[in-house]
Amino acid sequence: MGSGLGGLSCGAILARNGYRVTILEGQRQVGGCLQCFNRGGVKFETGMHFIGSAGKGQTLDRLLRYLGIADQLELTQLDPLGYEVVSLAGARYQYANGREPFIQTLSSQFPHQKDNLVRYFDLVEQVAGASSLHSLRHVESDAAVNTQYQLRSIDDVLNEVIGDEMLRRVLAGNIPLYAAERGKTPFSTHAFIMDFYNKSAWRVAGGSDAIATALAQRVAHWGGEVLTGEQVTHIDCTDAGVSGVSTASGHHYDADIVIAAIHPSRLIELTDTPLLRPAYRRRVSALPETVGGFSVYLSFKPGEVPYMNHNFYGYALDTPWDCECYTHDNWPMGYLYMHFSQSPGQQWAGSGVVLSYMRWDEVQRWEGTRVGRRGADYEAFKREHADRLLSLVERDFPGLRDHVAGYYTSTPLTYRDYTGTQHGSMYGIAKDITLGPAARVHHRTRVPGLLLAGQNINSHGILGVLVGTMVTCTELLGTGVVFNQIMEANA
């Protein structure tokens, strides 16, 4: 259920291993957060704006080769000397790819913190390497390291390791990638993401929907099928377990196994089986979500905006923290600005996107409406927020509006309607150290044959979702099978 990255990758792996796979997608387009859209002949990314560790032999490259799609994707590398740029208090700071360049680049601005930057980078590598799944090493994970840094917040660890307050803020400068919250988000999340992109950072030329298209083709190649416009309305169960699903079109699909690559809250709405206990339903319904986002998709006048080969994080104040705690008067407190990659070596940008946090309560009054039918007051709301967000961006990029041919906007409502995430959250269920294990959703349910996949099972992002896929698939294929097949595909 669901043709996002989780559903498509699970389908591809299981079809490859002899399962008869049918993927049901409620929308007309496959891809979930991999989707792109076109307006006025210009293409825009919606979710998967860039990827990491896709250099030859790196973790994502190995996974893409295992899935059989690496050669179907054209990638463009972000600037290795500064793939991320963080702007704080009028100064700009760059993240460079690789251990020594990363340390040297930041220590040039914080020379008294060089030893601490070494300690920090060592810790990031240690935590990221402690997970056999994230590093694709079929060995035991370092449970002690995993547990320790899943239970300590990012800011807590940075306060311990880094002695300079501004450097601590710089190292947290890319937290919009995972909507981290002070005192809540585990350092392990930060470490996995920093390590993933520090190895190398790339955009998918032509759009990340190429990943979805390629995976759907692999599913078909291995004998499976992907059906769009088939919205699942009920997960059918017997006393013994799952028996299939029913859709809005009136079809029933028999199944021995159902993998719900959807938000867990959607799962509990779709089945009334007593095998899912009330306590489980209450816990899943109460899980905190990451904040939603407001996006402005920019179409540029031809030949006027140089292609920006990095991501840019700008902040209204001198800290990246607590931007989700805005008021009506001080929104937006920060933003992430990126360009769309049309082809390798491009000189000019055709489109870009600016994202900023937006809570669900901002748009809740239109909760019962659908895309295109929300009313004049909603359109006015979007115009006001687009104007305010672009004003903040122009503080760092003066005169940008003069080069904009047009723009389009989306809110958490838009994201909810197209991806099914609860309250349009950017990254699904939040990782929260204050809740401990209660904040996690297991891939296995108490309903025999009913499994979960997608960004809420392990983590969001391409690596997080694919790791979750491996966990779900090994439940059916057995320990070691997927690892061995990855090794064989990369031999």
Side-chain angles (χ1 to χ4, degrees), residues 3-5 8 27 29-52 54 60 64 69 72-79 83-84 174 176-179 193 196-197 201-216 292-300 305 307-313 335-344 346 348-358 371 386 389-390 393 400 404-412 414-419 421 424-428 455 460-465:
S3 72
L5 179 61
L8 288 170
Q27 301 287 338
Q29 179 179 344
V30 300
C33 296
L34 295 170
Q35 292 179 65
C36 297
F37 68 94
N38 288 274
R39 293 288 187 277
V42 180
K43 194 170 186 179
F44 300 92
E45 292 273 10
T46 61
M48 192 72 68
H49 298 97
F50 78 121
I51 60 178
L60 183 59
L64 295 176
I69 65 172
Q72 295 172 255
L73 305 176
E74 189 172 32
L75 304 181
T76 61
Q77 188 168 8
L78 298 187
D79 185 357
Y83 65 98
E84 307 271 55
N174 67 348
L177 290 180
Y178 46 107
I193 288 172
F196 180 59
Y197 291 114
W202 311 74
R203 292 187 178 128
V204 182
S208 59
D209 54 354
I211 298 174
T213 299
L215 281 172
F294 180 81
S295 301
V296 179
Y297 302 96
L298 302 170
S299 173
F300 299 124
V305 177
Y307 175 67
M308 189 172 69
N309 200 25
H310 59 265
N311 304 320
F312 189 92
Y313 303 81
Y335 68 89
L336 167 56
Y337 173 37
M338 297 169 285
H339 285 171
F340 177 76
S341 173
Q342 297 165 297
S343 60
Q346 72 188 77
W348 303 102
S351 63
V353 62
V354 185
L355 304 106
S356 189
Y357 291 158
M358 179 171 280
V371 172
L389 182 53
L390 290 175
V393 176
L400 179 66
V404 174
Y407 70 80
Y408 310 91
T409 56
S410 70
T411 72
T414 321
Y415 209 66
R416 177 204 65 178
D417 288 350
Y418 281 106
T419 68
T421 57
S425 69
M426 293 173 69
Y427 308 117
Q455 68 175 357
H460 71 282
I462 191 167
L463 181 62
V465 172

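Residue numbers start at 1 and run along the sequence shown.
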**Request:** Dump the intermediate steps for side chain to side chain contact (heavy atoms under 4.5 Å, CB included) on Met48 and Val204, then the final yes or no.
**Result:** CA-CA 9 Å; Met48 192 72 68; Val204 182; over 6 Å; no

Per side-chain contact (heavy atoms from CB on, under 4.5 Å), Ser410 is matched among Phe44, Tyr415, Tyr297 by Tyr297

Do Leu215 and Val30 have side-chain heavy atoms sitting under 4.5 Å apart? no

Output for pair (Ile51 CD1, Leu78 CG), nearest 0.5 Å, gives 9.5 Å

d(Asn311 CG, Asp79 CG) to nearest 0.5 Å is 11.0 Å

Rounding to 0.5 Å, atoms CG (Leu60) and CG (Leu73) come to a distance of 9.0 Å

Side chain to side chain donor-acceptor pair (under 3.5 Å) pairs touching residues 37-48, sequence neighbours excluded, are Lys43-Asp209, Glu45-Ser208

When every non-hydrogen atom of Gly292 is compared with those of Pro412, the smallest separation belongs to CA-CG, 4.1 Å

Smallest heavy-atom separation, Trp348 atom then Gln342 atom, equals O-OE1, 3.8 Å

All heavy atoms of Cys36 vs all of Gln29, minimum pair found to be O-NE2, 3.3 Å

* Could you check if a side-chain atom of Tyr313 sits within less than 4.5 angstrom of a side-chain atom of Leu177, using non-hydrogen atoms only? => yes

Keeping the roles fixed (side chain from Arg416, backbone from Thr411), state whether a donor-acceptor pair exists under 3.5 Å.
no

Practice task
Kindly indicate whether the side chain of Thr414, heavy atoms from C-beta on, has any atom under 4.5 Å from the side chain of Thr409.
Solution key: no

Taking every heavy atom of Val42 against every heavy atom of Gly350, the minimum-distance pair comes out as CG1-O, 3.9 Å

d(His460 NE2, Thr421 OG1) to nearest 0.5 Å is 12.5 Å

Taken to the nearest 0.5 Å, the spacing of Leu8 CG from Ile211 CD1 works out to 10.5 Å

Any sub-3.5 Å donor-acceptor pair from Gln27's side-chain atoms to Asp417's backbone N or O?
yes

dist Gln72:CD -> Thr213:OG1 (nearest 0.5 Å) comes out at 9.5 Å

Of all heavy-atom pairs linking Pro344 and Thr76, the shortest is CA-CG2, 3.4 Å

Within the side chain of His339, is there an N or O that forms a donor-acceptor pair under 3.5 Å with the backbone of Met308? yes

**Item:** Residues, nucleotides or ligands: over 12 heavy atoms within 6.0 Å of Tyr408 OH
**Value:** yes

Tested for ring pair (Phe, Tyr, Trp, His ring centres under 6.0 Å) against Phe50, the lone hit among Tyr197, Phe196, Phe340 is Tyr197

Heavy atoms of Gly293 and Met426 approach each other most closely as N-CG, 3.6 Å

### Query
Does any non-hydrogen side-chain atom of Pro176 lie less than 4.5 Å from one of Tyr335?
no

* Asked: Is Ser3 reaching over with its side chain to a backbone N or O of Gly31, donor-acceptor style, under 3.5 angstrom?
  -> yes

